[in-house]
2 protein chains.
Amino acid sequence: MGSPPPPSQSLIVKLESIAPVSDEERQAIVALPMTVRDIREDHDIVRDQDRPSQCCLVIEGLACRYKVLPGGKRQIFSFHIPGDIPDLQSLHLDVMDHNLGTLVPCRIGFIPHETARQFIRAHPRIGDIFWRDTLIDAGVFREWITNIARRDSYQRVAHLLCELYVRLRAAGLANGRTYAMPITQAELADATGMSTVHVNRSLQKLRGDGLIRSGKRSVTIEDWDGLQAAGEFDPTYLHLRPQALAA
Amino acid sequence: MGSPPPPSQSLIVKLESIAPVSDEERQAIVALPMTVRDIREDHDIVRDQDRPSQCCLVIEGLACRYKVLPGGKRQIFSFHIPGDIPDLQSLHLDVMDHNLGTLVPCRIGFIPHETARQFIRAHPRIGDIFWRDTLIDAGVFREWITNIARRDSYQRVAHLLCELYVRLRAAGLANGRTYAMPITQAELADATGMSTVHVNRSLQKLRGDGLIRSGKRSVTIEDWDGLQAAGEFDPTYLHLRPQALAA
DNA sequence: GTCACGCCCTAACCTATGTGTATCTTGGCC
DNA sequence: GGCCAAGATACACATAGGTTAGGGCGTGAC
């Protein structure tokens with residue numbers, strides 16, 4: 001019933017998950033002009049060395065940031081769900097130091113930098129929330145450093161599954177304890193610094209231990225406490241507001 | 001000759017290394033009120049779970065951000081040299097998700113959040129540089145993820161030594177190809193996700209290969225090109241201005 | 001002066017994890 | 001109907017890097 005939600009709806013949900021947003025600010029966000037485009041699967045939106053002139057809002061789908069090393073190895077730094085603006089940093093850093101690509105077909109909103117800058121000037125509180133968002137990003141990177149450097153493969157995968165769950169839930173995109181996870185095991189390997197075979201092993205062990213069930217392109221958490229314990233997961237670093245955390 | 005540099009001198013050098021700063025802005029920074037305190041070695045300045053009401057400027061010494069895992073393992077996320085404001089994030093993230101501690105005796109300037117916020121409001125361009133600085137921080141974290149996940153121990157240590165060199169040089173704190181590095185091998189291990197023994201092995205190999213010489217609490221780079229190649233080091237991710245990069 | 005401790009270094013051992021290869025299933029899509 | 005990508009499983013093998021243990025040396029404390 002009613003018209004479809006505006007493309008910025010997911011952005012509002014996202015911002016509200018990390019800071020309060022006033023009615024007036026909400027309206028301003030809805031009015032934020034952007035160009036919406038559908039991008040096919042496994043396609044780069046922005047590339048290493050690019051000098052973007054716009055920011056990307058993930059409206060639908062799943063994207064990731066990654067880098068390819070001289071030897072051809074790939075490292076994924078983050079997954080981005082609807083509501084995220086993965087390259088917000090390009091507002092202040094001219095040159096990209098990594099790639100942003102899709103993992104599945106995505107709907108992306110493009111916001112010119114000039115528009116974004118005017119918007120932030122007109123709504124400094126939202127500017128602060130944007131800054132906050134990039135700081136949370138950094139917090140997630142720190143947690144990934146810890147995850148990769150100090151936890152074994154089983155813990156690593158458990159931790160990543162916890163993070164995805166909490167973030168999707170905060171975005172209103174989890175269905176109970178189940179969420180869509182259209183990420184291949186090879187991609188999980190690129191994110192956790194493991195091999196696909198080892199990701200496979202770890203997932204099987206998580207299943208065997210009754211912590212998760214994983215269907216086709218989705219995950220169901222069978223034992224939330226157990227999974228958190230297995231991954232030493234503590235969501236503090238996501239800096240979500242209590243209501244978004246509980247969801 | 002002349003009076004000693006104001007405590008904010010290092011901050012000015014730092015900001016100028018990542019963005020242009022006008023004379024007027026420079027004067028405003030010098031006038032920025034802060035409380036200077038000397039902190040002893042191996043002491044926490046801010047702790048995990050704290051809700052700081054001020055930001056810390058490293059004026060002298062060396063600090064690091066780190067987290068301690070349930071099992072007692074420690075992960076260091078970053079090293080901070082004079083001019084850095086390691087907990088700038090606390091301006092927008094209430095609760096600390098990691099610790100900030102000294103590695104050697106430090107001189108630290110404390111700037112109340114309220115002061116910093118007023119300052120940013122009065123000098124929005126410097127506010128943008130601060131934001132930019134936190135974004136560079138995130139870029140460094142991404143590079144560390146890559147380093148730890150995808151490079152072997154030898155490369156990892158080489159990369160870290162390169163990063164420290166370039167940053168210290170941009171801050172005017174390198175002496176030719178030599179720089180002070182009062183970091184123990186155990187701390188290097190905590191930063192690179194390795195064991196002390198393995199850090200030791202890697203340093204020895206770097207020395208054996210004629211890439212570095214390491215004296216007491218200092219490092220001399222014998223073969224800069226070789227060290228960069230060994231660590232696959234590309235300074236793009238530090239987003240330094242050309243003049244700071246060349247230094 | 002000497003004692004103790006932190007830091008550095010070394011060596012032997014061992015395990016977690018990656019590599020390579022192979023086979024088999026399943027489901028989606030042309 | 002058939003192809004292809006993703007996943008599951010299962011070996012054999014290689015090895016980076018962790019663990020444990022012990023020794024030496026410089027330096028600051030007393």
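Proteins come first, then strands; the chains are lettered A, B, ... in the order of their sequence lines, and each starts at number 1.
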Using the salt bridge (charged side-chain N to carboxylate O under 4.0 Å, His left out) criterion, which residues pair with [X]? Sequence neighbours excluded.
X	result
B:Asp234	none
A:Glu232	A:Arg151
B:Asp190	A:Arg150, B:Arg74
A:Lys205	A:Asp209

Straight-line distance of B:Thr196 OG1 to B:Arg201 CZ, nearest 0.5 Å:
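That separation rounds to 10.0 Å.
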CZ/A:Arg47: more than 12 non-hydrogen atoms of other groups inside 6.0 Å:
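No - once you tally the heavy atoms of other residues, nucleotides and ligands closer than 6.0 Å, there are 12 at most.
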Tell me whether the count of non-hydrogen atoms from other residues, nucleotides or ligands lying under 6.0 Å of CZ in A:Arg207 goes above 12.
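Yes - once you tally the heavy atoms of other residues, nucleotides and ligands closer than 6.0 Å, there are more than 12.
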With axes from five pairs an end, tell me the bend angle of the helix from C:dG1-D:dC30 to C:dC30-D:dG1, nearest 10°.
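Axis angle across the helix from C:dG1-D:dC30 to C:dC30-D:dG1, nearest 10°: 40°.
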Side chain to side chain contact (heavy atoms under 4.5 Å, CB included) partner of A:Phe110, chosen from A:Leu57, A:Val36, A:Ile45:
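Passing option: A:Ile45.
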Integer-rounded Å distance: [N] [atom2] and [X] [atom1]:
X	N	atom1	atom2	result
A:Leu203	C:dT17	CG	P	14 Å
B:Asp42	C:dC5	CG	C1'	14 Å
A:Lys205	C:dT17	NZ	P	12 Å
B:Arg217	D:dG26	CZ	C1'	12 Å
B:His198	C:dC8	NE2	C1'	17 Å

Restricting to non-hydrogen atoms, name the atom on [X] and the atom on [Y] that form the minimum distance, rounded to 0.1 Å.
X	Y	result
B:Met181	B:Leu164	SD-CD1, 4.0 Å
A:Ile136	A:Tyr237	CG2-O, 4.3 Å
A:Ser78	A:Phe141	CB-CE2, 4.2 Å
B:Ser202	B:Met194	OG-CE, 3.6 Å

At a cut-off of 3.5 Å, list every protein nitrogen or oxygen paired with a nitrogen or oxygen from nucleotides 27-30 of chain C, distance to 0.1 Å.
from   : atom 1 : to       : atom 2 : distance (Å)
C:dG28 : OP1    : A:Lys216 : NZ     : 3.2

Polar atom pairs (N or O), protein with nucleotides 9-13 of chain D, under 3.5 Å:
from  : atom 1 : to       : atom 2 : distance (Å)
D:dT9 : OP2    : A:Gln204 : OE1    : 2.5
D:dT9 : OP2    : A:Gln204 : NE2    : 3.0

Judged by modelled atom types alone, do A:Glu143 and A:Asn147 share a side-chain donor-acceptor pair under 3.5 Å?
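The criterion, which ignores hydrogens and geometry beyond distance, is not satisfied for A:Asn147 and A:Glu143.
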Of the residues in residues 144-155 of chain B, which ones touch DNA chain C at a heavy-atom distance under 4.0 Å?
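Under 4.0 Å from DNA chain C: no residue of residues 144-155 of chain B.
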Taking only heavy atoms on the protein side, list every residue of residues 183-194 of chain A lying under 4.0 Å from any atom of DNA chain C, sorted numerically.
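Heavy-atom contacts with DNA chain C come from A:Gly193, A:Met194.
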Please classify the nucleic acid contact of B:Arg156 as base, sugar-phosphate, or nothing, using heavy-atom distances under 4.0 Å.
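Touches sugar-phosphate only.
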Could you pull out all residues at least two apart from B:Val46 that satisfy side chain to side chain contact (heavy atoms under 4.5 Å, CB included)?
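Result, side chain to side chain contact (heavy atoms under 4.5 Å, CB included) vs B:Val46: B:Asp50, B:Pro52, B:Cys56, B:Asp87, B:Met96, B:Leu100.
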In chain order, what residues pass the side chain to side chain contact (heavy atoms under 4.5 Å, CB included) check against A:Asp48, with sequence neighbours excluded?
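Scan of A:Asp48 (side chain to side chain contact (heavy atoms under 4.5 Å, CB included), adjacent residues dropped) gives A:Lys67, A:Asn99.
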Pairwise ring pair (Phe, Tyr, Trp, His ring centres under 6.0 Å) hits with a residue in residues 182-229 of chain A, at least two apart:
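Qualifying pairs: A:Tyr165-A:Trp224.
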